[in-house]
Every structure is written in C-alpha cells, then in structure tokens.
Amino acid sequence: MKLKMKVTYIVSNINKAFAFEWIAEELNKDKFSLSFILLNPGPSSLENELKRLNIKVNRIKFNGKKNLPLSFFKIFFILIKDRPDVIHAHLFDACLAGLPAAFFARIKKRIYTRHNAVYHLEEHPGMVKYDRMINFFSTQIIAISDNVRNVLIERENVNPAKIKLIPHGFKMEEFENISIARIEDLRDKYQSRGRYPVIGVISRYIGWKG
C-alpha cells in the first residue's frame, strides 16, 4: 500500500480564511495526510474549523516579531517529530520562521506562496533582505499572478524555474443565487444601510489591504 504524502501548512496571523478551509475539505485524503502549524496569539476561527474537520493543528502563540526566534525552534521540533514530506508556508512571519526551520529539519520540499508584489520593495525597503532570505530557503515559490511572478524574477532575481504561477481560486457557487437574508446580514454587519455608494473588496478586512 502506497503511503500518503504528508503535507504541513504553516500560516501566520490568520483568524478566518476560506482558502485554507477549502484545502482541508477538498484535498484527497486517500493521497495526502494534512496538518497545520498556526502562528496566532490565541484560538482562531480557522483553528476551530480545522479541528472540526479532524485536521491536526499545532498552534504556536505568536504576538509579533519578538516571538520569531522561539517560533523558529518550536516549528523545527514539530517538523523533526512529524517529518512531513512537504511544507507550504503562507504570509511573512510564517515564511520567516517556517522555511529556515524546515531547511534545518531537512524537509526536502519547501514551498511558499507569495501573496504580495512590491509591498516591501516600495513601502519598507529595509525588509527586502528578508524576502530574499525567504526566497533562498524555499525550493519552490507559488506566485498568485503574473505581476508577482515578474517582480520575483526582475526585482528579486529569483530563478524562473523556481516559480509556479497559480492564481487564487474561488468556489463560484458561493457567488451564485445569493439569498436576500445573506445580503441583509452583510448590511447589518457593516452598517451600510442608507449609505451609498457601497464598495466591496474581495480581501481580508485589514489595513494593509487598502
């Protein structure tokens, strides 16, 4: 019997994200054994949903950059114990702690998804050295758009062979046949009644998304 491939996601500072829930729901459980390492200050909606789906979760208490050194060691020891075949890191702090930890734990396949293009290059140039370090410790980088791919190649000198273009996906049925009750709930949640125009943005509701 062929053994399942063990895949560990390392994700930082996420409370709720449908994409990871969809992965947990849809990934072929006959072929893959999935687990998560979450860097968060406490329990999260994502953690609760993963546990509901019987996905193994290790939460590392994370309250900011001061916790990065300890997070590195905690991730390292989790990876030494679990020995995943693949790690896949998302978001800056998870990449900064998780990819070097995976490298020193001798995890051969180390992937990260690059979600931003020029955020550090233009807003925080002193942080670009850390982006380059993350690029170095990864064996493959997933770019979510042509723009991100071009930035990695042209401005951060990443080998094009290391980059895979995979745009974000959506469950399109979530956008079809929307009930009036769901619309009214959103109006109440964001206090938009009687306010026009209403502009929607498909992103997490955090400041650096604009």
Side-chain angles (χ1 to χ4, degrees), residues 7-20 23 36-41 44 46 58-79 84 86-169 201-210:
V7 179
T8 297
Y9 274 73
I10 307 174
V11 185
S12 56
N13 303 310
I14 286 288
N15 178 51
K16 176 75 173 178
F18 285 115
F20 299 116
I23 289 165
F36 277 75
I37 299 173
L38 301 180
L39 277 62
N40 271 336
S44 62
L46 175 59
N58 286 285
R59 181 187 356 119
I60 295 172
K61 189 171 183 178
F62 189 83
N63 288 302
K65 299 294 187 288
K66 63 183 179 181
N67 298 133
L68 278 171
L70 184 58
S71 297
F72 164 85
F73 285 107
K74 287 184 175 181
I75 293 170
F76 173 80
F77 287 116
I78 291 170
L79 297 179
V86 180
I87 69 103
H88 188 165
H90 284 261
L91 303 175
F92 184 71
D93 292 327
C95 292
L96 201 56
L99 287 165
F103 175 84
F104 288 108
R106 297 186 177 182
I107 306 302
K108 292 183 178 180
K109 193 73 170 178
R110 303 179 301 277
I111 304 169
Y112 90 94
T113 294
R114 175 68 171 256
H115 292 275
N116 72 84
V118 295
Y119 179 62
H120 285 160
L121 285 163
E122 296 188 357
E123 301 293 333
H124 304 282
M127 301 295 286
V128 173
K129 59 181 176 289
Y130 297 111
D131 287 329
R132 295 183 186 277
M133 186 186 81
I134 289 167
N135 296 337
F136 171 80
F137 280 113
S138 66
T139 58
Q140 191 168 48
I141 302 170
I142 294 176
I144 62 169
S145 68
D146 284 316
N147 182 46
V148 170
R149 184 178 186 276
N150 293 339
V151 168
L152 286 165
I153 295 170
E154 297 170 9
R155 301 187 64 175
E156 296 184 20
N157 300 314
V158 175
N159 184 344
K162 198 173 186 176
I163 303 170
K164 182 75 172 178
L165 176 63
I166 306 178
H168 280 322
V201 180
I202 302 177
S203 71
R204 285 178 292 131
Y205 194 62
I206 52 178
W208 58 265
K209 290 285 190 180

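The structure displayed is predicted, hence computed values, not measured ones.
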For a quick test of reading the model, state the closest non-hydrogen atom pair linking Ala17 to Leu46 and the distance between them. O-CD1, 4.3 Å

Quick one: closest heavy-atom pair of Ser71 and Asn67, and the distance? OG-O, 2.7 Å

With a 3.5 Å cut-off and sequence neighbours excluded, list the donor-acceptor pairs that the side chains of residues 92-102 form with protein atoms.
residue : atom : partner : partner atom : Å
Asp93   : OD1  : Lys65   : NZ           : 3.0
Asp93   : OD2  : Asn13   : ND2          : 3.0

Mind running side-chain contact (heavy atoms from CB on, under 4.5 Å) on Thr139 and Lys108 for me, showing each step along the way? CA-CA 8 Å; Thr139 58; Lys108 292 183 178 180; over 6 Å; no

Rounded to the nearest 0.5 Å, the CD1 atom of Ile60 sits from the CG atom of Leu38 at a distance of 9.0 Å

Asn116 side, atom CG; Leu91 side, atom CG - distance, nearest 0.5 Å: 9.5 Å

Does any non-hydrogen side-chain atom of [Y] lie less than 4.5 Å from one of [X]?
X	Y	value
Thr113	Ile166	no
Phe62	Leu70	no
Pro84	Ile107	yes
Arg114	Ile134	no

So, using side-chain hydrogen bond (donor to acceptor under 3.5 Å, both in side chains) as the criterion, who are the partners of [X] when residues are at least two apart?
X	value
Asn135	Tyr112, Glu156
Thr8	Ser35
Arg59	Glu47

Mind checking whether His124 and His120 have parallel, tilted or perpendicular rings, split at 30° and 60°? perpendicular

Under the side-chain contact (heavy atoms from CB on, under 4.5 Å) criterion, do His90 and Ile14 qualify, and how do the steps go? CA-CA 10 Å; His90 284 261; Ile14 286 288; over 6 Å; no

With sequence neighbours excluded, residues passing side-chain contact (heavy atoms from CB on, under 4.5 Å) with [X]:
X	value
Ala117	Asn147, Val148, Val151
Glu122	Val118, Arg155
Ile23	Tyr9, Phe20, Leu34

May I have all residue pairs that pass salt bridge (Lys or Arg N to Asp or Glu O under 4.0 Å) and include part of residues 157-166, sequence neighbours excluded? none

Sequence neighbours excluded - salt bridge (Lys or Arg N to Asp or Glu O under 4.0 Å) pairs with any residue from residues 143-154: none

Any pair with a residue in residues 125-160 that passes ring-ring contact (aromatic ring centres under 6.0 Å, His included), sequence neighbours left out, goes on the list, sorted by first then second residue, please. Phe103-Phe137

Test log, rule side-chain contact (heavy atoms from CB on, under 4.5 Å), inputs Leu79 and Ile37: CA-CA 10 Å; Leu79 297 179; Ile37 299 173; 4.2 Å; yes

Start with the C-alpha gap between Val7 and Lys109, add the side-chain angles, then the distance that decides, and say whether side-chain contact (heavy atoms from CB on, under 4.5 Å) holds. CA-CA 10 Å; Val7 179; Lys109 193 73 170 178; over 6 Å; no

